Amino acid sequence: MNISATFPDFRSLLSDFLSVISPLPCLACAQEVRMPDSSLCLSCAVGLPFTDHFDHRQNLSFQRLNGRVEVDHVAAILYFTRSSVVQEMLHRFKYQGHEEVGQYFGWLGACLWQDAQWPKPDVVLPVPIHRKKMRRRGYNQSAVFGCAFSKKMQVSFDNQTLVKRQASESQTGKGREERVQNVRSVFEILHPQHITGKKVLLVDDVITTGATLESCILEITRFQPAGISVLLLAAAR
Ligand SMILES: [Zn+2]
């Protein structure tokens, strides 16, 4: 009997079996998830600060952008607070290669969007990052989030139309006008035909000052979309 030939088969069977029964680590704290069909452990899932944005069109994130730019629907899934489970999760997503965080919330965002019965977008555009940053991180976190959203919603995802030309200078210590000016020249639309007359959904991970989103929206608006909405993974309270 040729044992060496049968062992690899047994090992691969065992590893297949283990991958089915052994739970995946929690997306936020990496501890074992004991709940079926969940990507988060119980204490992280219970502690997540969900916003009420999908219940109110005039919510906090909508108000943050409305008046500065014209937007239809704006929502963040979670509130962002420092030293919270959300910060930990976003850190794992942004800097430690855990794309599954963005995939999970993209899927969840689509469920919430559908439940709220908000109009289905025609095209999803992620807020771009510069090529250099992209090479360093391996992926654009907003694109991972937006791609998962568009898959669940069955709408088209466009990673090529809205691009970032150069690494922007630090925004620290600048006034709002200056911040907007600084980023305005940075974003560019490469394929106007992909957005003209379309309901555009812009996706990003976190809204802080809103200056980046404002600049992207101003750039998109120049090409007459049918409307612009925004989905965020998290927003500061
Ligand atoms: Zn956890």
Side-chain angles (χ1 to χ4, degrees), residues 23-31 33 35-56 59-62 64-65 73-118 120-121 123-129 134 137-159 162 200-208 210 212-213 216 229-237:
L24 293 165
C26 169
L27 291 183
C29 70
Q31 300 219 24
V33 174
M35 292 189 294
D37 301 323
S38 177
S39 305
L40 294 158
C41 75
L42 187 59
S43 66
C44 287
V46 168
L48 280 184
F50 282 96
T51 68
D52 59 354
H53 290 182
F54 290 94
D55 300 330
H56 312 283
N59 60 61
L60 208 72
S61 291
F62 177 85
R64 201 164 278 169
L65 290 169
H73 291 83
V74 184
I77 300 171
L78 303 170
Y79 284 119
F80 176 84
T81 44
R82 298 212 178 276
S83 346
S84 67
V85 65
V86 178
Q87 188 185 22
E88 181 56 35
M89 213 159 57
L90 287 174
H91 185 83
R92 289 162 60 79
F93 177 33
K94 222 164 164 167
Y95 304 108
Q96 296 178 350
H98 289 278
E99 292 183 56
E100 67 274 18
V101 173
Q103 286 157 357
Y104 174 71
F105 283 99
W107 172 84
L108 191 63
C111 296
L112 293 167
W113 197 277
Q114 286 166 333
D115 279 356
Q117 298 184 331
W118 284 0
K120 195 169 167 167
V123 61
V124 175
L125 306 182
V127 169
I129 56 173
M134 176 83 180
R137 286 194 194 153
Y139 58 89
N140 171 5
Q141 69 279 0
S142 301
V144 172
F145 175 56
C147 186
F149 174 92
S150 66
K151 260 192 200 141
K152 169 75 179 156
M153 293 286 284
Q154 296 186 300
V155 297
S156 74
F157 173 73
D158 186 338
N159 205 3
L162 178 65
V200 173
L201 179 73
L202 192 59
V203 292
D204 203 0
D205 54 352
V206 187
I207 184 170
T208 46
T212 301
L213 282 169
C216 290
S229 294
V230 178
L231 176 70
L232 304 145
L233 208 163
R237 247 187 241 264

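All values below were derived from every heavy atom in this structure, side-chain atoms included, with hydrogens, water molecules and symmetry-related copies excluded. Predicted, not measured: the structure shown is a model, and the values here were computed from it.
- Within 6.0 Å of CD on Gln31 lie no more than 12 heavy atoms contributed by other residues, nucleotides or ligands.
- The number of heavy-atom neighbours closer than 6.0 Å to CD of Gln154, taken from other residues, nucleotides and ligands shown, is 12 or below.
- The side-chain heavy atoms of Phe105 and Asp205, taken from C-beta on, include no pair separated by under 4.5 Å.
- Across all their heavy atoms, Phe157 and Cys147 have their closest contact at CE1-N, 3.5 Å.
- Smallest separation of non-hydrogen atoms from Leu65 and Gly210: CD2-O, 4.1 Å.
- Residues Phe80 and Leu90 have side chains in contact (heavy-atom distance under 4.5 Å, counting atoms from C-beta outward).
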(request) Using the side-chain contact (heavy atoms from CB on, under 4.5 Å) rule, take Ser61 and Leu232 through it: C-alpha gap first, then chi angles, then the decisive distance, then the call. (result) CA-CA 9 Å; Ser61 291; Leu232 304 145; 4.3 Å; yes

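- For the pair Leu213/Val127, a side-chain contact is recorded, criterion being any heavy-atom separation below 4.5 Å from C-beta on.
- To the nearest 0.5 Å, atom CG of residue Leu60 and atom CD1 of residue Ile207 are 9.0 Å apart.
- If you take NE2 on His91 and CD on Gln96, they are separated by 4.5 Å, rounding to the nearest 0.5 Å.
- Counting heavy atoms from C-beta outward, Leu78 and Leu233 have side chains that approach closer than 4.5 Å.
- The CG atom of Asn159 sits 10.0 Å away from atom OG of Ser150, with the distance rounded to the nearest 0.5 Å.
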(request) Applying side-chain contact (heavy atoms from CB on, under 4.5 Å), run through Met89 and Leu40 and close with a yes or a no. (result) CA-CA 10 Å; Met89 213 159 57; Leu40 294 158; 4.0 Å; yes

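- Checked by atom type and distance alone, the side chain of Arg92 pairs as donor or acceptor with a backbone atom of Leu27 at under 3.5 Å.
- Just one of Val124, Val144, Leu108 meets the side-chain contact (heavy atoms from CB on, under 4.5 Å) condition when paired with Phe149; it is Val124.
- Contact detail for Ser229 and Trp113: the closest heavy-atom pair is CB-CH2, 3.8 Å.
- When side chains are defined from C-beta on, Leu48 counts as touching Val85, because their heavy atoms get closer than 4.5 Å.
- With Asn59 contributing its side chain and Val74 its backbone, the two residues share a donor-acceptor pair below 3.5 Å.
- Closest approach of Val86 and Pro49 over heavy atoms only: CG2-CD, 3.5 Å.
- Between the side chain of Lys94 and the backbone N or O of Gln141 there is no donor-acceptor pair closer than 3.5 Å.
- At least one side-chain heavy atom of Lys152 sits under 4.5 Å from a side-chain heavy atom of Cys111.
- Once rounded to the nearest 0.5 Å, the distance linking CG of Asp204 with CZ of Phe145 reads 9.0 Å.
- Looking at Asp52 and Tyr79, their side chains come closer than 4.5 Å, going by heavy atoms from C-beta outward.
- Across every non-hydrogen atom of Gln103 and Ala148, the tightest pair is O-CB, 3.4 Å.
- A 4.5 Å side-chain heavy-atom check between Leu162 and Leu202 finds at least one atom pair inside the cut-off.
- Across Gly146 and Val203, no two heavy atoms sit closer than the pair CA-CG2, 3.6 Å.
- Ring pair His73/Trp118 is tilted by interplanar angle, where 30° to 60° counts as tilted.
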